[in-house]
K.L.:
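My questions will all concern the structure given below.
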2 protein chains.
Amino acid sequence: MQEITTVVLDAMGGDHAPGEMVKGAIDAVNMRDDIKVILVGQEDVIKEEIGKYQYPEDKIGIVHAEEVIETAEPPVNAIRKKKNSSIVVGMNMVKNKEADAFVSAGSSGAILVGGQVIVGRIRGIERPPLAPIIPTESGVSLLIDCGANVDARPSHLVQFAKMGSIYMEHVVGIKNPRVAIVNIGAEEDKGNALVKETFPLLKACTDINFVGSIEAREIPHGGADVIVCEAFVGNVILKLYEGLSSTLISLVKQGMMSSVTSKIGAAMALPALKKTLKEFDASKYGGAPLLGLNGLVVKTHGSAKAMEVTNSIIQCVTFKNEDINGKIKKNIIVSEEKTEA
Amino acid sequence: MQEITTVVLDAMGGDHAPGEMVKGAIDAVNMRDDIKVILVGQEDVIKEEIGKYQYPEDKIGIVHAEEVIETAEPPVNAIRKKKNSSIVVGMNMVKNKEADAFVSAGSSGAILVGGQVIVGRIRGIERPPLAPIIPTESGVSLLIDCGANVDARPSHLVQFAKMGSIYMEHVVGIKNPRVAIVNIGAEEDKGNALVKETFPLLKACTDINFVGSIEAREIPHGGADVIVCEAFVGNVILKLYEGLSSTLISLVKQGMMSSVTSKIGAAMALPALKKTLKEFDASKYGGAPLLGLNGLVVKTHGSAKAMEVTNSIIQCVTFKNEDINGKIKKNIIVSEEKTEA
């Protein structure tokens, strides 16, 4: 018998909740029969949305959660005080093994804090990194860490490299992924104190395919599969990716609309252009996993629509079926023991 | 009588040296009569290039320098050993007040090291930042620091903010420029240790228009005029800007060439599109100044062509005429004395 993956979905988080969240869940269970989705949030709101669709009833559940954590709320406080929020209720279900994964488009801060304090870290994992997939010219790369772990230490970055490598190989399907550390030059002696200390540690890892430093210029060209950095730098890369892509695409549109001739040209070129630019859209790869937890927590974009939600749910199935947490435990614990020996 | 600005130009540095360097110099002196350019490098090579042009002979000089520092050379070593290189000879001329500024498209590392050890810092300046201009949707911003000062301290960032503000106002011409610090959230309590310590110091500065944190996403949208960060982050932003722009533009071209219809459309839209994208090209603003030195050192792109060289030379005239170093000295020394009092 096929094993079922149970995913708790935060029906209340994100710019397009609950509509797109519910639609994403319905699409996922209609697409595959190895998924059960539990929608967590205000029951009446969810029921109204869900009434619009046809779906296998045993594959959708609802768990009521009265409160909603807003994006602007201080996360630590919100997680502590709002015990009946969709995020806290959903994460507790993962903690209590009632579900395999929790997916949310809600407050990043609350998801990061909740992941650590409610779901909890795998023993031996120092810090759980947030690892979004970013598009490149030749495919995608995993950017690890973009989370809240600022002022990281070298040992954290080494764990990020290992976990990212496992995820990229077994969830995304890149064999022997190239791991690189973000640096300001290609040479080994370049970098800040953190990178200089981390570089030889990564070089000494026999269980990853470490290819050295990567300059930010090479990231969009697909220079590595797993891009290791501390969270402040990762956040800058991720946000700049978003901001610059939208600026350039709006400039392209603006340019093509600036004369009558170019407007006609634009109308002819646009369908092909859109297709290409769609390839440069990370949402089809789902959300960003928070790795190293006793379970799985996935953060999707605040602007996520149904497709990204569906893909994030499917990503949880692969995560479970490939036993990523088992692989992380084995790898990290074996490595740590070796180091201590 | 009009005052002449004397700029030493490294004729040997950059991908297109000496041809484009010499052309840039000739264009500058033909365009304006308040500029003298001294070309430093291998005399016979320069003379051969220069022979191709008409120009006012008293406005171009040549100083022979036998050696060339290659991009791959370790910079500290190169500056120490190659006393007869174009970079060392040129910088010594600025140090000895034989010239107002030195412009080079050569080795970034050697230029940063040479600026500090040959030209030397203004008294009171802790670290000279490299401050390139980056294009945005609404104009340009100054990104300060992108240099070699990794692991900066809060006091460095405060000086960067002040120097950047002076440069942006008096050289680029933005009145009361908005100064922001790169951060991973808009709130004051967000950030790593460096940003958290620097934020209140910037907030307390009465001589700059500090507007708070800027997330990387807002940089391309023109969210601030002076973008303050430490060099590692600045380098990531600068390089990612370059890499992502080239990736997206190549994707746009690729997309438009993918069908017969779109090809015809592309041919019609391209001239207008090129014009818009040209606006998003930083080279017309010249090179990146290394601020806080006893003189001026400007680093242009390694790929710089004549136009960027000419603009970099003209930028030196504004720098001198506006007495930027005088303003920096006054501002920094006054602020430091206030702090100590």
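Each chain gets a letter, A, B and so on, in the order the sequences are listed, and its residues count up from 1.
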K.L.:
For the candidates Ser250(B), Gly191(B), Cys229(B), Gly109(B), which exhibits the highest count of non-hydrogen atom pairs separated by less than 4.5 Å from chain A?
P.N.:
Gly191(B)
K.L.:
Enter the distance from Leu238(B):CG to Glu215(A):CD here, rounded to the nearest 0.5 Å.
P.N.:
10.0 Å
K.L.:
What pair of heavy atoms forms the shortest contact from Gly243(B) to Pro220(A), and how long is it?
P.N.:
C-CG, 3.7 Å
K.L.:
Under a 4.5 Å heavy-atom cut-off, does chain A meet the side chain of Ser108(B), its backbone, both or neither?
P.N.:
neither
K.L.:
Identify the heavy atoms of Ile184(A) and Lys239(B) that sit nearest to each other, and give their distance.
P.N.:
O-NZ, 4.1 Å
K.L.:
How close do Leu244(B) and Tyr241(A) get, counting heavy atoms only, and between which atoms?
P.N.:
CD2-CA, 3.6 Å
K.L.:
Among Leu251(B), Val195(B), Val150(B), Asn192(B), which has the most heavy-atom pairs under 4.5 Å with chain A?
P.N.:
Asn192(B)
K.L.:
Checking side chain to side chain contact (heavy atoms under 4.5 Å, CB included) for the pair His221(A)/Thr247(B): CA distance, chi angles, key distance, verdict?
P.N.:
CA-CA 7 Å; His221(A) 300 151; Thr247(B) 290; 3.0 Å; yes
K.L.:
Restricting to non-hydrogen atoms, name the atom on Val236(B) and the atom on Ala216(A) that form the minimum distance, rounded to 0.1 Å.
P.N.:
O-CB, 3.3 Å
K.L.:
What closest approach, in Å, do Asp151(A) and Ala193(B) show between heavy atoms, and which atom pair accounts for it?
P.N.:
OD2-N, 2.9 Å
K.L.:
Return the NZ to CZ distance between Lys190(A) and Phe232(B), rounded to the nearest 0.5 Å.
P.N.:
11.5 Å
K.L.:
Which heavy-atom pair separates Leu248(B) from Ser245(A) by the least distance, and what is that distance?
P.N.:
CD1-CA, 3.6 Å
K.L.:
So which of Ile219(A), Ile237(A), Thr136(A), Leu194(A) has the largest heavy-atom pair count under 4.5 angstrom toward chain B?
P.N.:
Ile237(A)
